[in-house]
Amino acid sequence: MSDIDMTVKQLRELVAGPVLGPDDQGFEAEAVTFNTTVNARPALVVGALDRQDVAASVRFAAEQGLAVAVTSTGHGAVPGGMDGALVINTSRIREISVDPQARTVRIGAGNRWGEVVEACAPFGLMPPAGAAPGVGVVGYLLGGGLSPLGRVFGFAADHVRALEIVTADGTHRRVDAEQHEDLFWALRGGGGGLGVVTAVEVGLFPVSSLYGGTVFYPGEHAADLLRAFRDWNDGLPDAACGSLALQRLPDVPQLPEPLRGRFVVALRFAYPGDPAEGARLLAPMRATAEAIIDTVGELPLTAFGAIHNDPTEPMPVWDRGDLLPALPDGAIDALLSAAGPQAADAPTLVELRRLGGALARAPRQENALGVRDAAYTLFVVGAPGAPSGPGLFATMAPWTLGAGLPTMRGEAPVATTPEVAARLAKIKATWDPAGLLR
């Protein structure tokens, strides 16, 4: 029996969920990533059924000298993050319990946002969910979480009431504003690596009506639309949320025929209020150019994914995020030169998302999100290995911070402050002195 077979055998005696080595059927599926360029090579994987499985796995990894990495949906995987580690897959730890009176929801580590919204919608309540229903809750929250309604809600991490985690010593703990305050601060927006989260409790918002969707314009209007988008944003109330994306769409039957194979400008809009008021607020952008397709209208809360229409199937991509303090004409011109209709080689998607509003305000309980004063996020998706993505960021460097939000940074550094970074490092050294957790 090989050393890895012996290790798998030993761990199987300690946990109830599946334990798989590299030669076992289903091994690769347990560590699959949404970005298929991230080819994970763990030492072994555990499909944890509950917090007891997680705790036993962490203690076993410490005894065996193995690092611990965590996965659930695979959206947050980074190159090398799981290589050589004992990977704990938390996707089986599922629980959704809504308390409509307290306006909170308790969520298991394996649940996704689409399921949570489905459970909350009957009560007229909305969590600070991300743009894609298939994204896992926990990884999104640890990275801060930027909702399509972020200008209304703030960062999702601002509304985490409690977390349950297994720390590096193999102990399961409840972490909140009164218990382990240092971990509570760090886990909300600090990006993880301090414990294996098994459950979270999150605040909810009363939302009875959602007006949103996408307006697709011909790409040749990109210059006018970018300037109009900037000027329009300056006068919007916090409740109105928008982003503008330059998209080079493939010629595939899954897309409506008018969009196939075209370069388009996609305006995403979300307003959690009276549809008539939402239409009034959107009117200036609708008047800027004639639309190819306009899907903006009243939506059930459960259709929130239709605002951004993010991909649902794994694919190979390169991505990177950054922040812009402002969007002057020079930045718009530079963006158009790298990704506009005349660009010979450009990324697949370039999105500007307006920040501000509640995103710029400090939460009631401070957390590890260190940068809140940027005006826009810049997020770019391109083909792996293509020079257009890195080239765009080089072009935009005079106007960007050179770092992105934890939840939307891709290959970029995390936007933070020296004080926040030092505090995170101190907390990491206190709770995981051996560096067990990745």
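Please read all numbers here as calculations on a predicted model, not as lab measurements. Atoms considered below: every heavy atom in the structure, side chains included; atoms not considered: hydrogens, waters and symmetry mates.
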Trace of the side-chain contact (heavy atoms from CB on, under 4.5 Å) decision for Asn367 with Val160: CA-CA 10 Å; Asn367 59 36; Val160 173; over 6 Å; no

Val45 to Ala31 - nearest heavy-atom pair and separation: CG1-CB, 4.3 Å

Beyond-backbone contact of Val116 with Val202, side-chain heavy atoms, under 4.5 angstrom: no

Distance in Å, Gln365 CD paired with Arg161 CZ, rounded so as to fall on 0.5 Å steps: 8.5 Å

Side chain proximity check, Glu277 to Arg280, heavy atoms < 4.5 angstrom: yes

Sequence neighbours excluded, every pair satisfying ring-ring contact (aromatic ring centres under 6.0 Å, His included) that has a member inside residues 301-327: none

Nearest non-hydrogen partners of Leu299 and Gly213, listed with the distance: CD1-N, 4.4 Å

Met285/Leu225 under side-chain contact (heavy atoms from CB on, under 4.5 Å): CA gap, chis, key distance, verdict: CA-CA 8 Å; Met285 285 303 297; Leu225 287 162; 4.1 Å; yes

Heavy-atom pair with the smallest gap, counting every atom of Leu163 and Val197: CD2-CG2, 4.3 Å

Min side-chain heavy-atom separation Leu405-Phe155 under 4.5 Å: yes

Pairing residues for Arg230 by the side-chain contact (heavy atoms from CB on, under 4.5 Å) criterion, not counting sequence neighbours: Arg227, Leu327, Asp329, Ile332, Tyr376

Nearest-0.5 Å distance, OG1 of residue Thr377 to CG of residue Leu401: 11.5 Å

Test item: Thr167 and His180 side chains (from C-beta on) under 4.5 Å apart, heavy atoms: no

Expected output: side-chain Asp24 to main-chain Gly21 donor-acceptor under 3.5 Å: yes

Which residues share a side-chain contact (heavy atoms from CB on, under 4.5 Å) with Trp185, sequence neighbours left out: Glu366, Ala368, Val420, Arg423, Leu424, Ile427

Smallest separation among heavy atoms of Val207 and Leu301, with atom names: O-CD1, 3.3 Å

Test log, rule side-chain contact (heavy atoms from CB on, under 4.5 Å), inputs Val8 and Leu20: CA-CA 7 Å; Val8 168; Leu20 303 173; over 6 Å; no

Value rounded to 0.5 Å, distance of CZ in Arg409 from CG in Asp319: 10.0 Å

Arg361 bridged to Asp238 by N-O distance under 4.0 Å: yes

Exam field: side chain Arg59 to backbone Gly170, donor-acceptor pair closer than 3.5 Å: yes

Heavy-atom donor-acceptor pair, Asp158 side chain to Arg364 backbone, under 3.5 Å: no

Spacing of CG belonging to Leu323 relative to CE belonging to Met408, to within rounding of 0.5 Å: 9.5 Å

Close side-chain approach of Leu267 to Leu282, heavy-atom, < 4.5 Å: yes

Candidate pair Arg51 and Ile93, rule side-chain contact (heavy atoms from CB on, under 4.5 Å), full reasoning: CA-CA 8 Å; Arg51 69 190 197 186; Ile93 305 176; 6.0 Å; no

Separation of Thr198 OG1 from Asp53 CG (nearest 0.5 Å): 11.5 Å

His159 side chain near Arg103 side chain, heavy-atom distance below 4.5 Å: no

Non-neighbouring partners of Pro250 that pass side-chain contact (heavy atoms from CB on, under 4.5 Å), sequence neighbours left out: Val252, Leu255

Closest approach of Ala61 to Leu86 (non-hydrogen atoms, all atoms of both residues): CB-CD1, 4.0 Å

Ser208: side-chain hydrogen bond (donor to acceptor under 3.5 Å, both in side chains) partners, not counting sequence neighbours: none

Beyond-backbone contact of Ser147 with Met126, side-chain heavy atoms, under 4.5 angstrom: no

Residue list, salt bridge (Lys or Arg N to Asp or Glu O under 4.0 Å) with Arg248, at least two apart or on another chain: none

Whether Asp83 side chain and Arg41 backbone form a donor-acceptor pair below 3.5 Å: yes

Ring geometry between Phe269 and Tyr271 (parallel below 30°, tilted from 30 to 60°, perpendicular above 60°): parallel

Value rounded to 0.5 Å, distance of CD in Glu201 from CD1 in Ile107: 9.5 Å

Main-chain N/O of Gly402 paired with Asp322 side-chain donor or acceptor, under 3.5 Å: yes

Pairing residues for Arg268 by the salt bridge (Lys or Arg N to Asp or Glu O under 4.0 Å) criterion, not counting sequence neighbours: Glu351

Under 3.5 Å donor-acceptor, Thr400 side chain and Leu324 backbone: no

Inter- and intrachain pairs under ring-ring contact (aromatic ring centres under 6.0 Å, His included), touching residues 71-120, at least two apart: Phe34-His75, Trp113-Tyr140

All side-chain contact (heavy atoms from CB on, under 4.5 Å) counterparts of Pro256, not counting sequence neighbours: Pro258, Leu259, Ile293

Under-4.0 Å salt bridge between Glu118 and Arg112: no

Pairs involving residues 429-438, ordered by first then second residue, that meet side-chain hydrogen bond (donor to acceptor under 3.5 Å, both in side chains) (sequence neighbours left out): Asp182-Trp431, Lys428-Asp432

Within 6.0 angstrom of Glu28 CD, more than 12 heavy atoms from elsewhere: no

Closest heavy-atom pair and its distance - Pro100, Leu125: CA-CD1, 3.9 Å

Non-neighbouring partners of Asp169 that pass salt bridge (Lys or Arg N to Asp or Glu O under 4.0 Å), sequence neighbours left out: Arg173

Residues Glu257, Arg260: salt bridge by 4.0 Å N-O rule: no

Residue pairs, two or more places apart or on separate chains, that pass ring-ring contact (aromatic ring centres under 6.0 Å, His included) and touch residues 39-63: none

Validation row: Val371, Asp373 side chains within 4.5 angstrom (heavy atoms): yes

Side chain Thr33, main chain Val38, donor-acceptor under 3.5 Å: yes

Polar side-chain atom of Arg151 near backbone of Pro237 as donor-acceptor pair, under 3.5 Å: yes

